[in-house]
Amino acid sequence: MQATEAGVSTVMLIFENVSKTYENGTRALDDVSLRIEDGEFVFIVGPSGAGKSTLIKLLMKEEEPTSGKIYVGGQDLSQLRHRDIPYLRRKMGVVFQDFRLINELNVYDNVAFAMNATNCSRRSIQRRVPYVLKLMNLSEKAKAFPSELSGGEQQRVALSRALVNNPMMIVADEPTGNVDPRMSWEIMGLLNEINKRKTTVVVVTHEKNLVNALKKRVIYIEKGRVLSDRLEGQYSARQ
Amino acid sequence: MRGSNFFYFISQGVKYFRSNKYISFAAVGVLAACLFIMGNFWLIYLNVDLNLQRMEEENLTMLFLDDEVPSDRFAEIRSRIEQIENVAACEFISKEQAFEDYKATYAEEYDLYEDLEAQGINPLPNSFSVTMKDITIYEETIYQLSRIEGVARIRKQNQDTIDGMLSVAKSIYFICYWIMGLLFVASLFIIMNTIKIARFTNRRQINIMKFVGATDWFIRWPFIFEGAIIGLLAAVISHLFVWYTYTNVMVKLGETIRIFEILPFAEVSSQMLLVASVCGLLIGVLGSSISIRRYFDV
């Protein structure tokens, strides 16, 4: 897939013949090319060790590809200087399986933390945080600490934090991995809601039932290669 | 740094300091101990320097002129002495003046010079008393003085004391510099490692900050302020200890053994606090910022 000048600006994410081999010789990604449009909802699925986490690390510029090019929002990541990496990350909201909340801060402060870290004014924080908490149905838990919340609630806090800076794209790495099944549906429902508001959503997951039920685009990766990429796909490797 | 961020960074710095309070206080303690030792060596340095200065001020070298030198050459000799760069002051003492001084000094031993005076004999020569600026180049200056025509003899003052004092001072300076330098490096190393333990508990927070798009400096500033708090607290504590031990040990020792002049603490107090604060800040800030460096890899 070639990233044309016109194409780059309308596409949210392009992986162009991307390979990644780690220093220990592990080939995590092997000539991966994919293209995610602005406003899409995409599942990235596959067995453990398939290269899904590496894909996210490359996207966040936490790792560099061994070969190939990656574009996020039209920006060539290989041209990005180290000091500009934070600004790339501000375009993305990331949600992890282990929530990564700060235990010493309450729900409100955990969400406000993301705005503080990106130099937002106090006034905009006071306006935006309650709005996002309300959206995630967490208004009543604003003063609670992570240890007082269920897994699902903690993930909703993480989602609020990812959303609060109004990112172009939400990247969720196994967002339902530590959440009970009922809550998993709720989290997926919220991601779907976010997507309806024109935010691109990329979800890496193992949850077969959820993937199959939501009828979204599914990219299946195994041994570092894209084995299938289908709209309204199922959780399977079949082409 | 934005103005509104300044207060945020300070409050975060205080938070980091308090959230790792045992480690923070350990760091303050270690740094205060190092600064205390450094402070004492600095005081020793200052006192040796003061005593050396006093000796320089008091050192008088006498240049005795040949009796043959006519009085119209005195001015010329004087100007030749003053041309030597290391000469701070030069005073002419005529042989009459010298005899008067001698009589005044030995007023009670009148019989010593009674005969001489009666015969109108003055055995004392015309002379110049010379003060030097820097006694470390004493010998060179003496050599230059000895080459002036008409100078018959030079009486070096307290040369042995000066030489002894100089070599002791040089050794003390050397030890002071080295100990202060080594302590600076050692305390930086200890602080770095102490704070590194605290950083381990902050790594999760740093990691999250990186993922939400905080810049390196945004993450670094609070840690710099934390280091500054550690450094300043250590400086104040060490200053109090230095003040206590100095006034109770050194000053009292100086009062008992009256050979040396001891600097009053009030004279150097602000200088000591300033030096301790600068060292404390430098070590605290450097130690703190170096200790978080490896968390910036992601």
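Proteins get letters first, then strands, A, B, ... in listed order; numbering begins at 1 in each.
- Between A/Tyr87 and B/Thr215, some side-chain heavy-atom pair lies under the 4.5 Å cut-off.
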Test A/Phe113 against B/Gln205 for side-chain contact (heavy atoms from CB on, under 4.5 Å), laying out the working first.
CA-CA 10 Å; A/Phe113 178 78; B/Gln205 197 160 338; 3.8 Å; yes
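- Of all the heavy atoms in B/Val212 and A/Asn165, the pair that sits closest is O-ND2, 4.2 Å.
- Looking at A/Asn116, both its backbone and its side chain come within 4.5 Å of chain B, counting heavy atoms on both sides.
- Of the possible donor and acceptor atoms, one in the side chain of A/Arg90 sits under 3.5 Å from a partner among the backbone N and O of B/Gly213.
- Atom OH of A/Tyr22 has more than 12 neighbouring heavy atoms from other residues, nucleotides or ligands inside a 6.0 Å radius.
- The shortest non-hydrogen separation linking A/Arg89 to B/Phe211 is CB-O, 3.9 Å.
- A distance of 10.5 Å separates CZ in B/Phe7 from CZ in A/Arg122, rounded to the nearest 0.5 Å.
- Proximity of B/Asp216 to A/His82: side-chain heavy atoms (C-beta onward) are separated by under 4.5 Å at one or more points.
- One N or O on the side chain of B/Arg204 and one on the backbone of A/Leu101 form a donor-acceptor pair closer than 3.5 Å.
- For chain B, the nearby part of A/Arg161 is the side chain; its heavy atoms alone come within less than 4.5 Å.
- Annotation: A/Lys216, atom NZ; neighbour count of heavy atoms from other residues, nucleotides and ligands within 6.0 Å is above 12.
- Counting heavy-atom neighbours within 6.0 Å of B/Phe184 CZ, excluding the residue itself, gives a total above 12.
- Heavy-atom distances place the backbone of A/Asp98, and not its side chain, under 4.5 Å from chain B.
- Residue A/Phe96 holds its CZ atom at 9.0 Å from CD1 of B/Ile208, rounded to the nearest 0.5 Å.
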